[in-house]
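Take a look at the structure below.
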Amino acid sequence: MQAGLAMAAASCSRGRKRPNILFVMTDDHAVGHVGCYGNSLVRTPNMDRLAGEGVRFANSFVTNSLCAPGRATVLTGAYSHVHGILGNSEAKDAVERMNPAIATYPQLLQKAGYRTGIAGKWHLSHDPVGFDSWCVLPGQGLYFDPEFIDNGTRRKIPGYATDVTTDLALEFLKQKSDKPFCLVYQHKAPHRPFKPAPRHAKLYERVELPYPATFDDDYATRKVAREAEDMRFDVSLEGDYPELPKNLPAAEKKRWIYQRFVKDYYGAIAGVDENLGRVLGYLDEQKLTGDTLIIYTSDNGFFVGDHGWYDKRFMYEPSLRVPLIVRVPGAKARQVVNQMAMNIDIAPTILDYAGVEIPASMQGRSLRPVLEGGAPDDWRKSIYYSYYENSWVLAGKGKDAMADPSFQYFTPHRIGPHRGVRTASHKLIHYYAEGDYWELFDLEKDPNELRNLYGEPDQAAVTAELKGELQRLRRHYGDIA
Ligand SMILES: [Ca+2]
């Protein structure tokens, strides 16, 4: 197959043939829970195959760890403050309408003569645009017998969402056309509450899964984390499991919930991977493998018991990082890249390979030079993160809201807005609505981010440097005047 891939690349580089694009995205798939990222228990042979034949990014990050903002960022190559999707709730359209003036990569590919389609999860409040055909789940969608919006018409499709999404993707691929295709293939899974297909429901029945190193985090030195009770297994998830045995001691209850939670998560991931295998098999059969650029990622990271939590939102590593695997026709196989990639880079990368001009509104950078073995000297050495949920609550009520002891953020998990900068060695986070609260982590000495060093006298120089870098990045991305 490698010879075929190499020939395809040669023809692309001569401009004779544009590659097909297959963009695959899951929901809440954390980087530590993919086989090729070092997890031997989760079943992802097809994702691992892509990494074995392509490039795996060891350091890939999101701009805002939440579903709808992440999706809009992938489409536009821009930060939330540019595309307009700050948070998840459809109820707050006034602050969450995607800026229609910002181009998305499917719109640009469609204009450039690609046949474009999307199957599966969309999760934005407007209908898909830029697609010749679309069939998407409304909102989060259901795991079983889901309703889809099929080019504007609602219809229920019997079956398991991951299988149905793949059936729809294959239908699109099977349509005859002279045009290259761009298929956006986006799974609802493994979003919680995780529901594996019945065939995967008992995969881990007889196994006790290992606990993350930070499972019993005491949150010492981290005020906001300590207060984030909604994120904790032992506080918030009991109601999801009516079969949870009664009267378990607290530590046992937490472990019981964790086991069940992760087994269901892995079951849902097994379904995604198996279905990805169906699509890869189809491309092989049709001899399209050498003509198709494939990208696999997740809309955001996830705490899978890390810090005793589930969900995402915080700028901590399990939530900030995402898997990113790219199989480029003709590129050297089995590469692991350490350069920092971000979800703003996906749209420019796709356009670059398609030979379409990257608009100025896209704030990321094509990964093509990195994918093809180069490491440009001016590649980013730091990333900027900004989480916005609840910022509009504060904007409406002002700082006085925080002084009211009954005040609560209203969106799920009640995490306040924060922003930060991450370099190869450090992370600085500013919770600007939480009494100007800061956190500083030395990622080399403390990769689990357990010890907040902010304010310690020997950290003054690195803190000043990172504050300067944070301001520089905010200006660079137009998030500050
Ligand atoms: Ca998500």
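What's counted below: heavy atoms across the whole structure, side chains too, no hydrogens, waters or symmetry copies. Numbering of ligands and ligand atoms starts at 1, following listing order.
Residues N59 and R321 share a closest heavy-atom pair of OD1-NH2, 3.1 Å.
Partner Y258 forms a ring pair (Phe, Tyr, Trp, His ring centres under 6.0 Å) with one of W309, F215, F303 and no other, that one being F215.
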> Should F302 and H29 be marked as a ring pair (Phe, Tyr, Trp, His ring centres under 6.0 Å) after you check the CA-CA gap, both sets of side-chain angles, and the distance that decides it?
Replying inline: CA-CA 7 Å; F302 205 68; H29 191 186; over 10 Å; no
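The existence of a salt bridge linking E147 and K156 is excluded, since no basic side-chain nitrogen approaches an acidic carboxylate oxygen closer than 4.0 Å. Here D230 does not pair with R232 in a salt bridge; the nearest charged N to carboxylate O distance is not below 4.0 Å. A salt bridge is absent between D264 and K195; no separation between the charged side-chain nitrogens and carboxylate oxygens falls under 4.0 Å.
Near-neighbour remark for the Ca ion (ligand 1): protein N, O or S atoms under 3.0 Å are D27 OD1, D28 OD1, C67 SG, D299 OD1, D299 OD2, N300 OD1; waters not counted.
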